[in-house]
Protein chains: 2
Amino acid sequence: MQNLSKNQQIIFDLIDKSPEPLKAYAILFNVQKKGIKAPLQVYRALDKLVKIGKIHKIESRNAFIACNNSSCQVSNATAFSICEVCEKVTEISNTNLSKYLSNFKDKEGMKFNKYNLEFFGLCKKCKNK
Amino acid sequence: MQNLSKNQQIIFDLIDKSPEPLKAYAILFNVQKKGIKAPLQVYRALDKLVKIGKIHKIESRNAFIACNNSSCQVSNATAFSICEVCEKVTEISNTNLSKYLSNFKDKEGMKFNKYNLEFFGLCKKCKNK
DNA sequence: TTACATAGTGTTATATTATAACAATTTTAA
DNA sequence: TTAAAATTGTTATAATATAACACTATGTAA
């Protein structure tokens with residue numbers, strides 16, 4: 001586990017304490033007071049944080065959340081549930097699911113080293129409204 | 001199965017005959033000779049085509065491909081393999097996989113009405129290089 | 001057949017998301 | 001201690017997507 005650089009740490013801390021996924025320009029706005037002024041500074045930190053698995057990108061939302069799995073070193077097997085009403089996103093940690101997907105072979109017998117799965121529906125709260 | 005409008009048909013035809021996913025502005029460029037001049041015209045058709053399941057959006061690539069499943073009416077359960085070298089995208093039709101994911105419950109017992117799964121790796125061709 | 005709702009079109013402008021290119025500095029590891 | 005790798009800072013710009021408004025076409029129920 002390597003240490004984070006200054007910008008990476010600032011941006012990771014912000015994402016980590018956020019209850020919801022953050023978008024790049026929302027992050028930029030939030031960290032401007034800490035001296036990070038340009039989009040590229042944000043995107044570079046995000047790229048690195050994704051690469052080392054500290055955060056994940058929610059592709060369908062162009063937003064970023066901290067990995068909830070402390071042992072997650074690499075961002076190669078991710079699954080999320082997304083509420084289509086309130087946009088709450090939760091990372092799914094399910095051994096059965098991850099085993100199933102990591103071992104999945106397509107019809108040519110090909111296995112994949114990486115996947116991203118996004119489930120959509122209503123969260124508990126929104127379902128009961 | 002409803003009929004497509006003029007713009008929807010033009011754009012669907014283009015995507016359907018493309019061997020690779022197409023991006024919105026690549027589509028725009030291609031259909032300008034057919035009178036579709038503005039991004040919004042493209043995005044509106046894409047939205048509708050996605051909604052009725054004729055095409056799918058590859059979220060990690062911001063690109064669109066035709067559904068390879070003639071019986072697919074709604075875009076609520078999608079899986080793709082994506083080659084990280086040549087960017088070849090293939091839709092996965094696997095009954096076992098779709099059953100597994102459609103029946104998946106999170107740890108609160110919640111089921112989801114929709115999912116999108118993207119596998120990443122090397123396609124056969126790129127693997128053998 | 002009218003009228004009314006729904007869906008689609010055309011257009012301009014603008015918002016949002018992301019990267020290119022270049023120069024400098026800091027960190028890491030041989 | 002030095003050379004490579006990573007990070008930073010900066011300006012400019014590319015790529016992706018939507019807002020707002022006016023108008024037209026289509027389906028459908030009275």
Side-chain angles (χ1 to χ4, degrees), chain A residues 1-15 18 20-65 73-75 84 87 89 116 118, chain B residues 1-15 18 20-65 73-75 84 87 89 116 118:
Chain A
M1 179 73 80
Q2 58 197 295
N3 290 323
L4 301 179
S5 74
K6 184 174 117 270
N7 288 359
Q8 289 160 14
Q9 189 68 57
I10 291 170
I11 287 171
F12 174 72
D13 287 344
L14 180 67
I15 296 171
S18 170
E20 61 198 3
L22 293 178
K23 293 178 159 243
Y25 278 72
I27 292 167
L28 176 59
F29 180 77
N30 262 278
V31 298
Q32 276 176 331
K33 48 183 171 281
K34 303 212 170 172
I36 296 176
K37 293 175 193 160
L40 201 43
Q41 295 175 292
V42 172
Y43 280 103
R44 285 196 286 223
L46 289 173
D47 282 352
K48 186 61 190 291
L49 291 168
V50 165
K51 197 169 289 169
I52 63 178
K54 299 282 286 181
I55 65 172
H56 303 302
K57 183 173 186 181
I58 309 301
E59 292 287 355
S60 66
R61 300 299 187 258
N62 299 317
F64 299 84
I65 64 169
Q73 296 292 330
V74 187
S75 192
E84 287 179 307
E87 292 292 322
V89 173
N116 179 54
E118 297 181 4
Chain B
M1 181 74 79
Q2 59 198 295
N3 290 324
L4 300 180
S5 73
K6 184 174 117 271
N7 288 358
Q8 289 159 15
Q9 190 67 57
I10 291 169
I11 287 171
F12 175 72
D13 288 344
L14 180 68
I15 296 172
S18 170
E20 61 197 4
L22 293 178
K23 293 179 159 243
Y25 278 74
I27 292 168
L28 176 59
F29 180 78
N30 262 279
V31 297
Q32 276 176 333
K33 49 184 170 282
K34 304 214 168 169
I36 296 177
K37 294 175 192 159
L40 200 42
Q41 295 175 291
V42 173
Y43 280 104
R44 283 195 287 223
L46 290 173
D47 282 353
K48 186 61 189 290
L49 291 168
V50 166
K51 197 168 288 171
I52 63 178
K54 299 281 286 180
I55 65 172
H56 303 301
K57 182 173 186 182
I58 309 301
E59 291 288 355
S60 66
R61 300 299 187 257
N62 299 317
F64 300 84
I65 64 170
Q73 296 292 331
V74 187
S75 191
E84 288 181 306
E87 291 291 323
V89 172
N116 179 55
E118 298 181 4

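Within every chain, numbering begins at 1; the chains are lettered A, B, ... in the order of the sequence lines, protein sequences first and strands thereafter.
Distance NZ (B:Lys57) to P (D:dA15): 16 Å, rounded to an integer number of Å. Atom CG of B:Leu4 and atom P of C:dG8 are 9 Å apart (whole Å). To the nearest angstrom, P of C:dA29 lies 11 Å from CG of A:Asn3. The nearest whole Å value for the distance from the CG atom in B:Asp47 to the P atom in C:dT6 is 19 Å. Atoms NZ (A:Lys6) and C1' (D:dT7) sit 10 Å apart, rounded to a whole Å. As a whole-Å value, the separation of A:Glu59 CD from D:dT16 P is 14 Å. Per the geometry, CD1 belonging to B:Ile52 stands 12 Å off P belonging to C:dA7, to the nearest Å. To the nearest angstrom, C1' of C:dA24 lies 12 Å from CZ of A:Arg44.
In this structure, A:Leu46 and A:Ile27 have side chains that are in contact, with non-hydrogen atoms separated by less than 4.5 Å.
Considering only the side chain of B:Asn7, C:dT9 comes nearest among C:dT9, D:dT8, C:dT19. Distance from the side chain of B:Lys48 is smallest to C:dA7 among C:dA7, C:dC22, D:dT11. Across D:dT16, C:dA18, C:dG10, the shortest atom-to-atom separation from the side chain of B:Lys23 is found for D:dT16.
Stacking between B:Tyr25 and D:dT16 is shown: the ring centroid lies under 5.5 Å from the centre of the six-membered base ring, and the planes differ by under 30°.
Regarding contacts with the backbone of D:dA6, every side-chain N or O of A:Ser5 stays at 4.0 angstrom or more from both OP1 and OP2.
Comparing B:Tyr43 and B:Leu40 against DNA chain D, the residue whose closest nucleotide sits nearer the 5' end is B:Tyr43. Each of B:Ala45 and B:Asn62 was assigned the nucleotide of DNA chain C with the nearest heavy atom; the assignment lying further toward the 5' end belongs to B:Ala45.
The backbone N or O of B:Glu59 sits less than 3.5 Å from a side-chain atom of B:Glu118, completing a donor-acceptor pair.
Closest non-hydrogen pair, B:Ile36 versus B:Leu28, comes out as O-CD1, 3.7 Å. Between A:Leu49 and A:Gln8, the closest heavy-atom pair is CD1-O, 3.8 Å.
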Original post:
Yes or no on side-chain contact (heavy atoms from CB on, under 4.5 Å) for B:Asp47 and B:Lys51, after CA distance, side-chain angles and deciding distance?
Top reply: CA-CA 6 Å; B:Asp47 282 353; B:Lys51 197 168 288 171; 5.6 Å; no

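Residue A:Gln41 is classed as a base contact, given a heavy-atom separation below 4.0 Å to a base.
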